[in-house]
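Below: one structure, written as structure tokens.
Each ligand, and each atom within it, is numbered from 1 in the order the structure gives. Just so you know, residue 1 is the first one in the sequence shown, and it goes up from there.
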Amino acid sequence: MKIIIINGPNLNLLGVREPEIYGQSSFEEYLVGLQNDFPAVQLSYFQSNVEGEIINKLQEVGFSWDGILLNAGAFTHTSVAIGDAVAAIKTPVVELHISNVFARETFRHVSYIASHAKGVISGFGLNSYKLALQSFLN
Ligand code: DQA
């Protein structure tokens, strides 16, 4: 099974960025453990701070891969174009967030992705990625 994690803007700064919200671990560190927990899954990882690069990646994998875990960061709340890309592709997408976006500012309560996603996971720290991955195996 081929699953890709796509992380959006500022998520390259995990471990450094607002650790009280996003935790102390870099994503690269977390990814090693995640891959070990799911040895049967072929896991790939892509991060970009650029909206169009995220759309290009969604289109590239979105007709042949088995699943996409998408944390679009702040683009979740602003990007009609990423929402349209998720609607356009065939591969199921789970939208996820490290923090509980519904416990934060109201602008984070809006998602242009959620209505096109298989489901949404929010608020479980980095474990949100594990829960999202698990959802493809059930
Ligand atoms: C985030 C939540 C977003 O509101 C924020 O802009 C992010 C990270 C999360 O994982 O909690 O960059 O997607």
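The side-chain hydrogen bond (donor to acceptor under 3.5 Å, both in side chains) analysis of residues 124-134, with sequence neighbours excluded, yields the pairs N7-Y129, D37-K130, N71-Y129.
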Where does ligand 1 get N/O contacts under 3.5 Å from the protein, atom by atom?
residue: ligand 1; atom: 4 (O); partner: H77; partner atom: NE2; Å: 2.7
residue: ligand 1; atom: 4 (O); partner: R108; partner atom: NH1; Å: 2.9
residue: ligand 1; atom: 6 (O); partner: A74; partner atom: N; Å: 3.2
residue: ligand 1; atom: 6 (O); partner: R108; partner atom: NH1; Å: 3.0
residue: ligand 1; atom: 10 (O); partner: N71; partner atom: ND2; Å: 2.8
residue: ligand 1; atom: 10 (O); partner: I98; partner atom: N; Å: 2.7
residue: ligand 1; atom: 11 (O); partner: I98; partner atom: N; Å: 3.2
residue: ligand 1; atom: 11 (O); partner: S99; partner atom: N; Å: 2.8
residue: ligand 1; atom: 11 (O); partner: S99; partner atom: OG; Å: 2.6
residue: ligand 1; atom: 12 (O); partner: R17; partner atom: NH1; Å: 3.2
residue: ligand 1; atom: 12 (O); partner: R17; partner atom: NH2; Å: 3.0
residue: ligand 1; atom: 13 (O); partner: N71; partner atom: OD1; Å: 2.8
residue: ligand 1; atom: 13 (O); partner: H97; partner atom: ND1; Å: 2.8

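With sequence neighbours left out, the side-chain contact (heavy atoms from CB on, under 4.5 Å) criterion links S122 to H97, N100, V101.
Separating the CG atom in L69 from the CD1 atom in I121 is a distance of 8.0 Å, to the nearest 0.5 Å.
Taking a 6.0 Å sphere around OH of Y112, one finds it holds 12 or fewer heavy atoms contributed by other residues, nucleotides or ligands.
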Indicate every side-chain donor-acceptor pair of residues 48-56 with a distance under 3.5 Å to a residue at least two apart or in another chain.
residue: S48; atom: OG; partner: V50; partner atom: N; Å: 2.9
residue: S48; atom: OG; partner: V50; partner atom: O; Å: 3.4
residue: S48; atom: OG; partner: E53; partner atom: OE1; Å: 2.6
residue: N49; atom: OD1; partner: N10; partner atom: N; Å: 2.9
residue: N49; atom: OD1; partner: Q47; partner atom: NE2; Å: 3.0
residue: E51; atom: OE2; partner: S79; partner atom: OG; Å: 2.5

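Geometrically, K90 does not engage F63 in a cation-pi contact defined by less than 6.0 Å to the ring centre and at most 45° from the axis.
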